[in-house]
Amino acid sequence: MDLSNYQKMDVFILFSCVNMKLRDEYTSLTDLCKSLDLDIDTLKDRLKQAGFEYDEAQNQFK
């Protein structure tokens, strides 16, 4: 899944895709954002607007 358009993507699809990538491919949100050239703060803010917060201990948004 291409996340380059994450700022316009449906937030629930974004939530699902990010969590899938965190589960299957990346050990942290920082690694995911660096690898995919995403702004971590913008991504977190986008998901926070929909009520999702990043849980570093579980490496997923809830």
Side-chain angles (χ1 to χ4, degrees):
M1 169 65 68
D2 178 19
L3 293 177
S4 62
N5 195 25
Y6 71 98
Q7 292 176 323
K8 296 179 184 176
M9 186 182 292
D10 177 88
V11 72
F12 295 102
I13 293 173
L14 176 62
F15 167 76
S16 178
C17 292
V18 168
N19 275 346
M20 178 188 67
K21 286 192 172 290
L22 288 170
R23 181 190 68 227
D24 296 344
E25 300 175 34
Y26 297 97
T27 58
S28 72
L29 183 60
T30 301
D31 289 344
L32 179 144
C33 289
K34 283 182 181 178
S35 177
L36 300 177
D37 195 29
L38 306 176
D39 182 82
I40 192 168
D41 293 324
T42 303
L43 178 61
K44 287 170 91 173
D45 287 345
R46 174 93 167 91
L47 288 167
K48 187 175 185 174
Q49 290 174 2
F52 301 115
E53 295 277 345
Y54 180 64
D55 181 335
E56 189 173 345
Q58 293 191 6
N59 193 35
Q60 68 178 1
F61 281 89
K62 295 181 170 187

**OP:** Output all residues satisfying side-chain contact (heavy atoms from CB on, under 4.5 Å) with Q7, sequence neighbours left out; order by chain, then residue number.
**Re:** T42

Original post:
Can you list every pair that meets ring pair (Phe, Tyr, Trp, His ring centres under 6.0 Å) and has a residue in residues 15-38, with sequence neighbours left out?
Top reply: F15-F52

Subject >> CG (D24) with more than 12 external heavy atoms under 6.0 Å >> reply: yes

**OP:** Output all residues satisfying side-chain contact (heavy atoms from CB on, under 4.5 Å) with D10, sequence neighbours left out; order by chain, then residue number.
**Re:** F12, I13

**OP:** Treat each ILVMFWY residue as a node, draw an edge where side-chain heavy atoms are under 4.5 Å apart, and state whether F61 and V11 are in one component.
**Re:** yes

**OP:** Please identify each residue that fulfils side chain to side chain donor-acceptor pair (under 3.5 Å) with D2, with sequence neighbours left out.
**Re:** S4

Original post:
Taking only residues two or more places apart in sequence or in another chain, which ones pass side chain to side chain donor-acceptor pair (under 3.5 Å) with Y54?
Top reply: N59

Original post:
Does D55 have any salt bridge (charged side-chain N to carboxylate O under 4.0 Å, His left out) partners at least two apart in sequence or in another chain, and if so, which?
Top reply: K62

**OP:** Tell me, please, which residues at least two apart from K21 pass salt bridge (charged side-chain N to carboxylate O under 4.0 Å, His left out).
**Re:** E25

**OP:** Could I get the full list of side chain to side chain donor-acceptor pair (under 3.5 Å) partners for S16, not counting sequence neighbours?
**Re:** none

**OP:** Report the distance from atom CD of Q60 to atom CG of N19, rounding to the nearest 0.5 Å.
**Re:** 5.5 Å

Original post:
Taking all non-hydrogen atoms of both residues, which atom of R46 and which atom of L14 are closest, and how far apart?
Top reply: CG-CD2, 3.7 Å

**OP:** Determine the minimum heavy-atom distance between L3 and C17, stating which atoms define it.
**Re:** CD2-CB, 3.9 Å

Original post:
In Å, rounded to the nearest 0.5 Å, how long is the span from CG of L29 to CD1 of I40?
Top reply: 4.0 Å

**OP:** Would you please name every residue forming a side-chain contact (heavy atoms from CB on, under 4.5 Å) with K34, sequence neighbours left out?
**Re:** T30

